[in-house]
Participant: 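Got a structure here, written out as structure tokens. Questions coming.
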Number of protein chains: 2
Amino acid sequence: MEIHYKEKTYFSGKDLALSAIGGRWKIAVIWCLLHDSPLRLSEIQKKLPQANQRMLIRQLRELEEDQIITRFVYPVVPPKVEYQLSDIGLRLEPVVTSICNWGDEFSDFVKKEATKIPVE
Amino acid sequence: MEIHYKEKTYFSGKDLALSAIGGRWKIAVIWCLLHDSPLRLSEIQKKLPQANQRMLIRQLRELEEDQIITRFVYPVVPPKVEYQLSDIGLRLEPVVTSICNWGDEFSDFVKKEATKIPVE
DNA sequence: CGGGATCCACCATGATACTG
DNA sequence: CAGTATCATGGTGGATCCCG
């Protein structure tokens with residue numbers, strides 16, 4: 001049941017999944033590409049203004065290495081590169097959706113907590 | 001629509017969710033507690049042997065701070081501490097399940113890739 | 001003895017400037 | 001526009017020590 005991938009050993013699909021989508025901006029990038037695809041780097045940056053360009057590129061490279069997204073370079077000047085989800089990447093939709101749903105619930109929870117009178 | 005939490009500003013439930021469950025071992029810990037609860041630290045360590053104790057404790061503390069898990073200390077010697085999911089923590093079940101499911105799909109995908117004849 | 005904290009090293013992440 | 005280089009910072013991991 002062990003999975004060997006990129007010089008490492010994983011003991012469950014869950015572990016492998018976390019290594020593949022565990023990066024700081026990966027879920028956010030996948031979320032962008034689920035809603036709108038293909039996207040250019042500059043377009044992803046507009047959707048994720050909190051992420052810096054360097055990190056975004058690294059996360060995109062890693063996702064490409066894991067074949068979760070595809071990267072297509074147009075041989076033009078100025079350069080034009082488009083990213084989109086692969087088949088296995090598209091199957092992450094339930095993951096992203098459930099995270100968004102829980103996030104909304106947690107957001108409500110946090111807001112309710114904030115209105116409570118603090119115990120001094 | 002902005003969410004203010006712990007000195008930071010989030011622009012969607014998704015962002016807030018990622019900050020809450022984005023730690024290296026948080027999903028794994030939640031997975032453990034979904035399957036078996038309550039658990040002591042030593043029991044979690046047995047289930048997650050790859051994680052070191054210090055990281056596990058830090059992740060547990062952060063999850064406790066976000067009220068995703070509860071920590072109960074028995075006033076006994078030797079010390080006994082039990083962790084379990086809160087209500088909002090239990091609602092992470094769809095997230096964990098979807099990650100596990102995708103992980104299994106991705107695992108199959110990776111295995112098929114491994115059998116392909118490499119292009120030299 | 002179990003849960004936790006401290007010291008140190010490393011790698012991922014972040015901010016900015018720069019290149020083709 | 002897409003991507004790289006450089007430097008600063010924070011999260012992560014290993015080992016060890018502390019406390020009741």
Side-chain angles (χ1 to χ4, degrees), chain A residues 6-11 15 18-30 32-33 36-66 68-84, chain B residues 6-11 15 17-30 32-33 37-66 68-84:
Chain A
K6 291 208 252 179
E7 322 265 315
K8 291 188 180 173
T9 303
Y10 301 93
F11 299 96
D15 295 338
L18 290 175
S19 82
I21 62 175
R24 175 75 183 77
W25 297 102
K26 288 185 183 178
I27 290 291
V29 167
I30 292 160
C32 290
L33 290 172
D36 199 359
S37 180
L39 285 176
R40 305 178 61 171
L41 175 61
S42 55
E43 296 172 320
I44 298 176
Q45 283 187 271
K46 275 176 213 155
K47 286 166 176 280
L48 302 175
Q50 312 109 317
N52 67 26
Q53 183 175 332
R54 197 181 82 89
M55 260 307 113
L56 230 38
I57 290 173
R58 279 186 66 157
Q59 306 277 292
L60 285 165
R61 286 283 181 289
E62 290 183 18
L63 288 170
E64 185 194 358
E65 244 191 90
D66 292 332
I68 291 166
I69 66 173
T70 60
R71 176 169 172 269
F72 187 78
V73 183
Y74 292 86
V76 295
V77 176
K80 175 173 177 178
V81 180
E82 280 185 349
Y83 297 93
Q84 61 184 320
Chain B
K6 290 209 253 177
E7 320 265 315
K8 292 190 179 171
T9 303
Y10 301 92
F11 299 96
D15 294 339
L18 290 176
S19 83
I21 62 175
R24 175 74 182 79
W25 297 101
K26 288 185 182 175
I27 289 289
V29 166
I30 292 160
C32 290
L33 290 172
S37 181
L39 285 176
R40 305 177 61 173
L41 174 61
S42 55
E43 296 172 321
I44 298 175
Q45 285 186 268
K46 275 176 212 155
K47 286 166 175 280
L48 302 175
Q50 311 107 317
N52 67 26
Q53 181 177 322
R54 199 173 59 84
M55 259 306 112
L56 232 36
I57 290 173
R58 285 183 64 161
Q59 305 278 291
L60 286 165
R61 285 282 180 288
E62 291 183 19
L63 288 170
E64 186 194 358
E65 244 191 89
D66 292 331
I68 291 167
I69 65 172
T70 60
R71 176 167 171 273
F72 186 79
V73 183
Y74 291 86
V76 294
V77 177
K80 176 174 176 179
V81 182
E82 280 185 349
Y83 298 93
Q84 61 183 319

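Quick note on labels: first sequence line is chain A, next is B, and so on, each numbered from 1. Atoms considered below: every heavy atom in the structure, side chains included; atoms not considered: hydrogens, waters and symmetry mates. Just so it is clear, the model here is predicted, and its values are computed rather than measured.
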Participant: Roughly, in whole Å, what's the span from CE in M55(A) to C1' in dA8(D)?
Facilitator: 13 Å
Participant: Would you say the side chain of R58(B) lies within less than 4.5 Å of the side chain of W25(B), judging by non-hydrogen atoms?
Facilitator: no
Participant: Within the structure provided, determine whether I57(A) and L41(A) are in side-chain contact (heavy-atom separation under 4.5 Å).
Facilitator: yes
Participant: Just compare dT12(D), dG3(C), dG3(D) and give me whichever is closest to any side-chain atom of Q53(A).
Facilitator: dG3(D)
Participant: Does N52(A) or L41(B) map to a spot on DNA chain C nearer the 5' end, using the closest nucleotide for each?
Facilitator: L41(B)
Participant: CZ of F72(A) versus P of dG3(D): gap in Å, rounded?
Facilitator: 13 Å
Participant: Please pick, from dT12(D), dG4(C), dG14(C), the nucleotide with the shortest atom-to-atom distance to any side-chain atom of R58(B).
Facilitator: dT12(D)
Participant: Just how far, in rounded Å, is P of dG3(C) from CD of Q45(B)?
Facilitator: 7 Å
Participant: Only one of D36(A), I30(A), V29(A) passes side-chain contact (heavy atoms from CB on, under 4.5 Å) with L33(A); say which it is.
Facilitator: V29(A)
Participant: So what does E43(B) touch, heavy atoms closer than 4.0 Å: a base, only the sugar-phosphate, or nothing?
Facilitator: nothing
Participant: I need the CD-P distance between E82(A) and dC1(D), as an integer number of Å.
Facilitator: 15 Å
Participant: With the side chain of P79(B) defined as its heavy atoms from C-beta on, choose the nearest nucleotide among dG20(D), dG4(C), dA2(D).
Facilitator: dG20(D)
Participant: OP1 or OP2 of dG14(C) less than 4.0 angstrom from a side-chain nitrogen or oxygen of W25(A), does that happen here?
Facilitator: yes
Participant: Please classify the nucleic acid contact of V77(B) as base, sugar-phosphate, or nothing, using heavy-atom distances under 4.0 Å.
Facilitator: nothing
Participant: With respect to the phosphate group of dG3(C), does any side-chain polar atom (N or O) of R40(B) fall under 4.0 Å of OP1 or OP2?
Facilitator: yes
Participant: Could you state the atom-to-atom distance from NZ of K46(A) to C1' of dC1(D) in whole Å?
Facilitator: 11 Å
Participant: Ignoring the backbone of R24(B), work out which of dT12(D), dT13(C), dG3(D) is nearest its side chain.
Facilitator: dT12(D)
Participant: For L56(A) and dC1(D), give me the distance from atom CG to atom P, rounded to whole Å.
Facilitator: 15 Å
Participant: For residues Y10(A) and S19(A), determine if any side-chain heavy atom of one lies less than 4.5 Å from a side-chain heavy atom of the other.
Facilitator: yes
Participant: Does dC1(D) have OP1 or OP2 sitting under 4.0 Å from an N or O in the side chain of Y83(A)?
Facilitator: no
Participant: Side chain of R61(B) only, please: which of dA5(C), dC1(D), dG2(C) is the nearest?
Facilitator: dA5(C)
Participant: For R54(A) and dA15(C), is the shortest distance between a side-chain N/O and OP1 or OP2 below 4.0 Å?
Facilitator: no
Participant: Is R71(B) close to L60(B) at the side-chain level, that is, under 4.5 Å between some pair of heavy atoms?
Facilitator: no
Participant: Would you mind reading off the distance between Q50(B) atom CD and dT12(D) atom C1', rounded to a whole angstrom?
Facilitator: 15 Å
Participant: Any heavy-atom pair between the side chains of E62(B) and K26(B) that's under 4.5 Å?
Facilitator: yes
Participant: Over how many whole Å does the gap from E62(A) atom CD to dC11(C) atom C1' extend?
Facilitator: 12 Å
Participant: From the set dG3(D), dC1(D), dA5(C), return the single nucleotide nearest to any side-chain atom of I57(B).
Facilitator: dA5(C)
